[in-house]
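Have a look at the structure below, then the notes.
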Amino acid sequence: MAGNSFGNIFKITSFGESHGIAIGVVIDGCPAGLEIDRAFIQHQLDRRRPGQSSLTTQRNEDDQVQILSGVFEGKSTGAPIALLINNKDQKSQDYDRFKDVYRPSHADFTYDQKYGFRDYRGGGRSSARETATRVAAGAIALQLLQLQHVKIDAFVSQVGSVMLNKPYQELDFNAIDSNLVRCPDSETATQMISLIEQVRSEGDSVGGVITCVIQNCPIGLGEPVFDKLHADLGKAMLSINAVKGFEIGSGFAAAGMRGSEHNDEFQKEGGQIVTKTNNSGGIQGGISNGQDIYFRVAFKPVATIASGQNTVDKSGKETTLEGKGRHDPCVVPRAVPIVEAMAALVLADHLLRSVVSRQSSVVRP
């Protein structure tokens with residue numbers, strides 16, 4: 001199985017399965033001398049962990065992170081950093097009935113066709129459980145970015161048909177974690193929570209959208225051809241379980257605009273060159289321009305639902321199944337820190353690539 005690593009200089013490799021002994025990640029390329037705040041890593045994991053509220057799966061994992069290597073006296077040594085998270089609340093017997101049955105919109109069929117063998121307990125590597133490792137690694141990337149005053153905030157901007165219709169500039173990002181759904185507008189959050197509760201009571205699931213805003217990004221991150229900054233952000237987001245769409249800046253709305261409407265004109269402000277508008281989403285020609293980077297990530301409804309669905313088994317025999325186990329009726333509240341983590345991993349990698357080209361350091365002054 002290929003594709004378990006992400007990044008070029010700040011590179012991560014995740015390992016482990018949903019119902020295995022543990023999951024973990026190895027970070028290669030983290031500069032030496034970075035102060036590692038273990039409590040911050042744990043805080044980010046707590047935001048993603050299952051069982052944190054009535055709106056999420058009730059799988060009870062505390063997701064306590066262990067730092068196995070690469071950190072000494074609270075600082076990175078430059079060696080690979082290994083992080084481990086034990087699995088403690090697996091209920092593999094819930095999946096015995098799916099051993100030979102293909103669950104609709106899961107990876108069961110494609111895994112069987114590609115590998116000829118699969119771990120049917122919670123989906124194995126295809127489970128969203130793997131994303132905990134990304135959050136842990138992303139927390140270290142965020143600490144690296146903080147040295148450059150980069151700020152990354154993601155929030156739920158849509159659940160089903162309930163949308164947050166305010167520009168992000170009018171929102172208080174400090175309010176993101178003030179409610180169960182992680183929407184920084186209390187009125188909209190209440191509507192979202194009601195919808196998720198209704199969907200759960202009906203044995204169904206619902207999708208949503210997460211908006212992410214990156215502030216204070218240095219000018220010049222990203223490469224102009226295949227490694228465009230927005231292309232790498234797109235790949236990072238689309239690698240997250242259940243993600244079906246990514247748009248940056250004006251996104252798909254740009255298709256209905258004219259150049260005279262869409263172009264971001266330049267001006268001088270406070271001694272700096274800036275753009276009057278930001279339809280580009282902070283990236284032009286694949287390179288960051290110093291303006292806010294903002295994008296939206298669309299998540300499909302969770303595939304496992306309690307109501308009956310038609311499917312087939314390995315032999316092609318028709319059957320009906322009902323979801324059994326502990327699953328989120330809507331994934332977006334727990335996916336907020338995952339989006340932030342993947343954005344941080346992309347920016348940390350491009351920051352180090354930029355530093356290498358300038359032969360300077362992001363850790364030492």
Side-chain angles (χ1 to χ4, degrees), residues 7-8 10 138 141-142 144-157 164 166-173 176 184 209-240 243 245-257 259-298 336-355 357-358 362:
N8 290 275
F10 195 98
L142 282 167
L144 180 65
L145 293 170
Q146 286 167 1
L147 297 177
Q148 303 297 316
H149 309 292
V150 178
K151 192 170 184 291
I152 301 177
D153 292 287
F155 57 90
V156 175
S157 54
L164 173 57
K166 289 183 180 179
Y168 73 83
Q169 295 89 341
E170 296 180 9
L171 302 173
D172 178 7
F173 291 162
I176 291 172
V209 173
I210 291 176
T211 297
C212 185
V213 181
I214 302 171
Q215 297 173 301
N216 305 323
C217 180
I219 298 173
L221 299 192
E223 306 298 335
V225 187
F226 294 114
D227 293 343
K228 291 178 170 66
L229 184 58
H230 61 284
D232 284 351
L233 284 169
K235 178 179 179 179
M237 299 307 143
L238 289 164
S239 75
I240 300 171
V243 169
F246 171 82
E247 63 174 358
I248 187 165
S250 56
F252 282 92
M257 301 171 71
S260 56
E261 298 174 275
H262 190 270
N263 289 346
D264 296 320
E265 297 180 346
F266 289 101
Q267 63 183 10
K268 197 166 185 179
E269 188 177 279
Q272 295 183 322
I273 295 176
V274 298
T275 57
K276 290 183 179 180
T277 54
N278 191 18
N279 290 313
S280 301
I283 301 173
Q284 293 173 320
I287 301 169
S288 60
N289 66 5
Q291 304 304 302
D292 289 351
I293 297 172
Y294 64 97
F295 56 85
R296 287 160 44 91
V297 187
V336 165
I338 304 171
V339 168
E340 292 175 350
M342 293 306 297
L345 290 170
V346 171
L347 262 66
D349 189 46
H350 275 280
L351 178 65
L352 292 177
R353 292 166 71 172
S354 178
V355 165
S357 69
R358 298 196 311 267
V362 295

Point to revise | Lys276: partners by salt bridge (charged side-chain N to carboxylate O under 4.0 Å, His left out), with sequence neighbours left out | key: Glu265

Study note, to complete from the structure: So OG1 of Thr211 and CG of Leu171: to nearest 0.5 Å the spacing works out to 9.0 Å

Practice item. Considering non-hydrogen atoms only, spot the tightest contact between Ala343 and Met237 and give its length. Key: N-CE, 3.5 Å

Practice item. To the nearest 0.5 Å, tell me how far Met342 CE sits from Cys212 SG. Key: 11.5 Å

Point to revise | Residues, nucleotides or ligands: over 12 heavy atoms within 6.0 Å of Gln169 CD | key: yes

Check your understanding: Is it true that atom CG of Leu238 has more than 12 heavy atoms of other residues, nucleotides or ligands lying nearer than 6.0 Å?
Key -> yes

Check your understanding: side chain to side chain donor-acceptor pair (under 3.5 Å): which pairs involve residues 337-347, sequence neighbours left out?
Key -> Arg47-Glu340

Review point. Which pair of heavy atoms, one from Gly138 and one from Ala344, lies closest together, and at what distance?
Key: O-CB, 3.8 Å

Review point. Got a sec, which residues hit salt bridge (charged side-chain N to carboxylate O under 4.0 Å, His left out) with Lys235, two or more places apart in sequence or on another chain?
Key: none

Exercise for review: Go through the structure and list residues passing side chain to side chain donor-acceptor pair (under 3.5 Å) with Ser288, not counting sequence neighbours.
Suggested key: none

Review point. Is there side-chain contact between Leu351 and Phe10, with at least one heavy-atom pair below 4.5 Å?
Key: no

Review point. Heavy-atom distance under 4.5 Å between the side chains of Leu233 and Ile283, does that happen here?
Key: yes

Review point. Any side-chain heavy atom of Asp153 within less than 4.5 Å of one from Gln215?
Key: yes

Review point. Between atom CG of Asn216 and atom NE2 of His149, what is the distance when rounded to the nearest 0.5 Å?
Key: 8.0 Å

Please tabulate, for side-chain N and O atoms in residues 290-297, each donor-acceptor pair with protein atoms closer than 3.5 Å (sequence neighbours left out).
residue: Asp292; atom: OD2; partner: Tyr168; partner atom: OH; Å: 2.8
residue: Tyr294; atom: OH; partner: Asn278; partner atom: O; Å: 2.8
residue: Arg296; atom: NE; partner: Glu247; partner atom: OE2; Å: 2.9

**Study point:** With sequence neighbours excluded, residues passing ring-ring contact (aromatic ring centres under 6.0 Å, His included) with Phe266
**Key:** none

Practice item. Find the distance between CD1 (Ile219) and CD1 (Ile287) and round it off to the nearest 0.5 Å. Key: 11.0 Å

Practice item. Go through the structure and list residues passing ring-ring contact (aromatic ring centres under 6.0 Å, His included) with Phe155, not counting sequence neighbours. Key: Phe173

**Study point:** Residues forming a side chain to side chain donor-acceptor pair (under 3.5 Å) with Gln284, sequence neighbours excluded
**Key:** Ser280, Asn289

Review point. Which atom pair, heavy atoms only, marks the closest approach of Leu221 to Ser354?
Key: CD2-CB, 3.8 Å

Review point. Among all residues two or more places apart in sequence or in another chain, which pass the salt bridge (charged side-chain N to carboxylate O under 4.0 Å, His left out) test with Asp264?
Key: none

Check your understanding: Nearest heavy-atom pair of Ala154 and Val336: which atoms, and what distance?
Key -> O-CG1, 3.2 Å

**Study point:** Nearest-0.5 Å distance, CD1 of residue Ile214 to CG of residue Leu347
**Key:** 4.5 Å

Point to revise | Set of side chain to side chain donor-acceptor pair (under 3.5 Å) partners for Gln267, sequence neighbours left out | key: Glu269

Exercise for review: Find out whether Pro218 and Val150 are in side-chain contact, i.e. whether some heavy atom of one side chain is under 4.5 Å from a heavy atom of the other.
Suggested key: yes

Revision key, fill the gap. Applying side chain to side chain donor-acceptor pair (under 3.5 Å) to Asn8 and not counting sequence neighbours gives Asp349

Exercise for review: Enumerate the residue pairs fulfilling side chain to side chain donor-acceptor pair (under 3.5 Å) with a member in residues 218-234, sequence neighbours excluded, ordered by first and then second residue.
Suggested key: Asp227-Arg353, Asp232-His350

